[in-house]
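First the proteins, then the strands, lettered A, B, ... as listed; each starts at 1.
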Amino acid sequence: MKEKDLRRSLSVLPIGTVMKLTSLTARQIRYYEEQGLVSPERNEGNRRMYSLNDIDEILEIKDYLSEGMNISKIKKVYEQRKQDELNNKDTHKNLSDEEARKILSDELLNVGGLNYKDVKGNNSF
DNA sequence: GTTCTCACA
DNA sequence: TGTGAGAA
């Protein structure tokens, strides 16, 4: 059903609503946008208008953040996720939601693994 | 009243 | 990230 998909992609929520829905401050929400994590539309008054998809996006970001991830990490994962979606369309055509989530968490672990750094027993100096 | 941008502690 | 100023 594309209609629902379309509706949930309609940006009609002002930042105030997003604040309540996500329990975040306007500052944070705007900051996430600055980092390219969300892409709200702008109305004629230059006001940010978020879609339900954006809410979901922000909610996830918030979740990852509380799991100890940095904005930079999440940023990377999200950018990669978008590219993966493109790849999936080209190769598998369609993927189950379950599989998509697996891939996402896989990427999450991947980026999270970068946290360990590669300084095991060999120092650079 | 709400949101925007920019700047600073 | 928080907060305040000044404008829309």
Side-chain angles (χ1 to χ4, degrees):
Chain A
M1 305 212 161
K2 290 182 179 177
E3 297 161 46
K4 288 187 179 178
D5 225 77
L6 246 44
R7 258 189 287 273
R8 98 181 33 134
S9 295
L10 281 188
S11 306
V12 292
L13 308 168
I15 198 168
T17 305
V18 182
M19 289 174 65
K20 293 172 185 173
L21 261 38
T22 62
S23 302
L24 293 172
T25 64
R27 183 76 164 85
Q28 292 175 297
I29 299 170
R30 297 194 190 106
Y31 180 65
Y32 299 161
E33 179 198 358
E34 194 177 284
Q35 302 306 306
L37 270 40
V38 287
S39 306
E41 316 259 317
R42 294 301 188 103
N43 64 13
E44 306 209 356
N46 197 37
R47 262 84 223 263
R48 274 168 256 254
M49 300 302 275
Y50 297 83
S51 68
L52 296 180
N53 275 333
D54 291 328
I55 303 290
D56 229 82
E57 201 93 341
I58 295 172
L59 248 22
E60 282 189 67
I61 295 168
K62 186 193 167 195
D63 227 74
Y64 300 149
L65 239 31
S66 52
E67 280 176 28
M69 266 189 217
N70 299 320
I71 292 288
S72 44
K73 290 183 186 175
I74 302 174
K75 198 197 318 181
K76 192 168 183 177
V77 173
Y78 267 64
E79 287 173 2
Q80 230 185 86
R81 194 227 288 218
K82 309 238 165 178
Q83 288 191 28
D84 271 8
E85 285 179 3
L86 294 180
N87 283 332
N88 290 334
K89 286 180 181 176
D90 204 52
T91 45
H92 306 304
K93 226 65 174 188
N94 68 38
L95 213 56
S96 69
D97 192 71
E98 201 176 355
E99 293 223 78
R101 287 197 173 281
K102 187 192 188 305
I103 293 177
L104 179 57
S105 52
D106 197 58
E107 289 171 0
L108 249 28
L109 289 176
N110 185 15
V111 176
L114 259 50
N115 219 0
Y116 285 121
K117 301 266 188 181
D118 32 56
V119 280
K120 291 263 177 89
N122 190 342
N123 291 329
S124 13
F125 297 104

Does Thr25(A) make a side-chain N or O approach to OP1 or OP2 of dG2(C) shorter than 4.0 Å? yes

Check the distance between dT3(C)'s C1' and Leu24(A)'s CG and give it to me in whole angstrom. 17 Å

Expressed as a whole number of angstroms, how long is the span from Glu34(A):CD to dT3(B):P? 19 Å

Could you tell me the separation between the CD atom of Glu33(A) and the P atom of dT3(B), rounded to a whole number of Å? 14 Å

Calculate the interatomic distance between Leu13(A) atom CG and dT3(B) atom C1'; express it in whole Å. 15 Å

Atom pair OG (Ser11(A)) and CZ (Arg48(A)), whose distance is rounded to the nearest 0.5 Å: 12.5 Å

Which string of ( ) [ ] | and . matches DNA chain C, if you list each base 5' to 3' and count Watson-Crick or G-U pairs only when both distances are under 3.5 Å? .|||||||

Calculate, to the nearest 0.5 Å, the distance between atoms CD1 and OG1 belonging to Ile55(A) and Thr17(A) respectively. 7.5 Å

Does the Lys62(A) side chain pair with the main chain of Thr22(A), one donor and one acceptor, at a distance under 3.5 Å? yes

Every protein N/O lying under 3.5 Å from an N/O of nucleotides 5-9 of chain B:
from, atom 1, to, atom 2, distance (Å)
dT5(B), OP1, Arg42(A), NH1, 3.1
dT5(B), OP1, Arg42(A), NH2, 3.1
dT5(B), OP2, Arg48(A), NH2, 2.0

Nearest whole Å is fine: how far is dT1(C) C1' from Ile29(A) CD1? 13 Å

Is it possible for you to say whether Tyr32(A) and Met49(A) belong to one hydrophobic cluster, with membership spreading through side-chain heavy-atom contacts below 4.5 Å? no

Pairs under 3.5 angstrom, nitrogen or oxygen only, protein versus nucleotides 4-8 of chain C, please.
from, atom 1, to, atom 2, distance (Å)
dA8(C), N3, Arg47(A), NH2, 3.3

May I have the distance from Asn43(A) (atom CG) to dT2(B) (atom C1'), rounded to whole angstrom? 11 Å

Please determine if a side-chain N or O atom of Tyr32(A) lies less than 4.0 Å away from the OP1 or OP2 oxygen of dT1(C). yes

Quick check: do Glu33(A) and Pro40(A) have side-chain heavy atoms less than 4.5 Å from each other? yes

Distance, nearest 0.5 Å, that separates CG of Leu52(A) from CG of Leu13(A): 5.5 Å

CG on Asp56(A) to CD1 on Ile61(A), rounded to 0.5 Å: 10.5 Å

Taking atom CD1 of Ile58(A) and atom CG of Asp63(A), what is their separation to the nearest 0.5 Å? 13.0 Å

Length of the CD1-P vector between Ile61(A) and dT1(C), whole Å: 11 Å

With a 4.0 Å cut-off on heavy atoms, is Gly16(A) in touch with a base, just the backbone sugar-phosphate, or nothing at all? sugar-phosphate

With rounding to the nearest 0.5 angstrom, report the CG to CD1 distance, Asp54(A) to Ile29(A). 10.5 Å

